[in-house]
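See below for the structure under consideration.
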Amino acid sequence: MLAQVTISEANLTNHIESLKYAGIIQRGLLPKKRHFNRHVTDHFVFFKPLNFVSGDFYWIGGKDGLIFAAVGDCTGHGVPGAMLSILARNILEYSIMTKSILSTDKILREMDRKFIESFFHSKEGQYNNDWVDIALICIDKKRSVIEFSSAKRKILHISENSATVHSGSSYPIGGWQVEPNRKFEKAIIPYTPGDAIYLGSDGYQDQIGGEKLKKYSSKKLHFTLQENYSLPMNKQKMKLVKDLTKWQGKEEQIDDICVMGLRL
């Protein structure tokens with residue numbers, strides 16, 4: 001019995017070490033600070049996987065004078081979610097950088113097509129039900145507008161005198177049986193230099209905590225961001241981290257967390 005326990009503990013240790021290293025690899029695939037600095041004046045990313053690796057991902061890139069940024073939330077978390085996030089991130093980057101699809105709605109349509117195709121098994125004649133929720137923006141500095149399309153995610157645009165939540169399509173990328181003929185819409189949002197835009201998964205606002213053990217809530221998150229949007233982005237991130245830590249208390253983290261803020 002003692003030998004069996006020792007082997008079990010060794011296997012668990014190896015498993016955890018493998019997950020930690022997988023987390024390092026996953027972070028290596030995500031954009032670095034220098035990538036953001038090429039495109040925006042200031043930014044933050046609050047990225048906190050639930051179990052070493054994450055089903056959430058974020059991305060930024062430039063193509064033909066346009067700046068694209070996205071945050072995605074894939075089915076599940078842990079290793080399966082992380083593998084889906086890498087697939088989704090690669091399809092997104094390929095659609096923009098290689099295929100030169102530059103309209104946000106068309107990018108999501110291409111992602112949807114390729115994602116479903118990845119899980120279609122012709123011999124079995126069936127699909128898996130994996131999907132991605134994603135918010136995608138394209139910043140056009142020449143026109144001072146943001147193009148926005150999404151699959152079940154929202155963005156928050158804050159200016160000096162207003163804070164506006166923009167919703168996208170109500171269905172995800174993939175998840176084929178949800179809606180057979182999906183069409184992702186595109187919104188055009190004017191902005192003024194100095195405005196801020198926020199994208200994220202649902203992990204932050206869904207965290208359980210507080211005296212009554214409730215969700216943090218989107219309303220509370222949006223209020224916090226609006227209250228602090230004029231601060232440098234790194235200080236905004238510090239505020240989010242501090243508030244979540246206090247809210248969570250002794251409760252366990254329940255999902256992957258990713259919040260991105262960009263100064264326009």
Side-chain angles (χ1 to χ4, degrees), residues 31 33-48 56 58-73 102-105 107 133-169 185-207 215-247 257-264:
K33 184 176 181 180
R34 67 178 185 275
H35 298 132
F36 283 92
N37 290 342
R38 291 174 189 166
H39 303 296
V40 293
T41 58
D42 197 8
H43 79 282
F44 77 78
V45 178
F46 180 17
F47 181 71
K48 188 179 181 184
D56 291 355
Y58 57 93
W59 186 83
I60 191 167
K63 180 74 172 180
D64 295 348
L66 302 172
I67 302 164
F68 295 87
V71 169
D73 182 353
L102 302 181
S103 183
T104 54
D105 56 331
I107 293 167
D133 299 340
I134 186 170
L136 172 65
I137 63 170
C138 172
I139 304 169
D140 187 336
K141 290 185 176 181
K142 290 183 179 179
R143 296 192 297 150
S144 294
V145 299
I146 297 168
E147 287 188 7
F148 164 64
S149 297
S150 86
K152 294 189 68 178
R153 296 306 311 143
K154 301 175 181 179
I155 62 170
L156 176 65
H157 173 213
I158 302 180
S159 60
E160 187 175 359
N161 300 311
S162 67
T164 306
V165 176
H166 297 274
S167 302
S169 301
E185 305 296 334
K186 177 173 66 175
I188 306 296
I189 306 167
Y191 75 87
T192 301
D195 289 359
I197 198 87
Y198 301 91
L199 306 83
S201 66
D202 57 6
Y204 191 106
Q205 55 265 41
D206 284 354
Q207 179 59 48
K215 292 182 178 181
Y216 188 88
S217 81
S218 298
K219 183 178 180 181
K220 186 176 177 66
L221 174 58
H222 294 165
F223 177 80
T224 300
L225 292 171
Q226 185 177 4
E227 192 175 41
N228 295 279
Y229 102 99
S230 61
L231 295 176
M233 286 289 176
N234 66 319
K235 291 190 175 181
Q236 293 186 47
K237 177 181 177 179
M238 290 170 61
K239 174 66 175 174
L240 290 182
V241 173
K242 182 179 179 180
D243 281 6
L244 188 67
T245 300
K246 182 179 179 180
W247 177 263
I257 293 171
C258 185
V259 183
M260 176 195 291
L262 304 175
R263 184 73 66 193
L264 300 169

Among residues at least two apart in sequence or on other chains, which ones pass salt bridge (Lys or Arg N to Asp or Glu O under 4.0 Å) with [X]?
X: K239; value: D243
X: D202; value: none
X: D42; value: none
X: K235; value: none

Atom of [X], atom of [Y] and distance for their closest heavy-atom approach:
X: V45; Y: C258; answer: CG1-SG, 4.5 Å
X: K63; Y: F68; answer: CB-CE1, 4.1 Å
X: G203; Y: I257; answer: C-CG1, 3.8 Å
X: L199; Y: A135; answer: CD2-O, 3.6 Å
X: A163; Y: I158; answer: CB-CG1, 4.1 Å

Side chains of [X] and [Y]: closer than 4.5 Å at any heavy-atom pair?
X: P31; Y: Y58; result: yes
X: I197; Y: F148; result: no
X: V71; Y: D56; result: no
X: T192; Y: S159; result: no
X: I155; Y: I189; result: yes
X: Y216; Y: T224; result: yes
X: F44; Y: L240; result: yes
X: M233; Y: F36; result: no

* Name all pairs fulfilling the salt bridge (Lys or Arg N to Asp or Glu O under 4.0 Å) condition that reach into residues 146-158, sequence neighbours left out, sorted by first residue then second. => R143-E147, E147-K186
* To do: Could you grab the distance from atom NZ of K220 to atom CD of Q205, nearest 0.5 Å is fine?
  => 13.0 Å
* Identified side-chain hydrogen bond (donor to acceptor under 3.5 Å, both in side chains) counterpart of Y198 within the set H222, Q226, Q236, H157 -> Q236
* To do: Output yes when a side-chain donor or acceptor of S150 lies under 3.5 Å from a complementary backbone atom of L136, and no otherwise.
  => no
* Asked: Which residues pass the side chain to side chain contact (heavy atoms under 4.5 Å, CB included) test with E227, sequence neighbours left out?
  -> F223
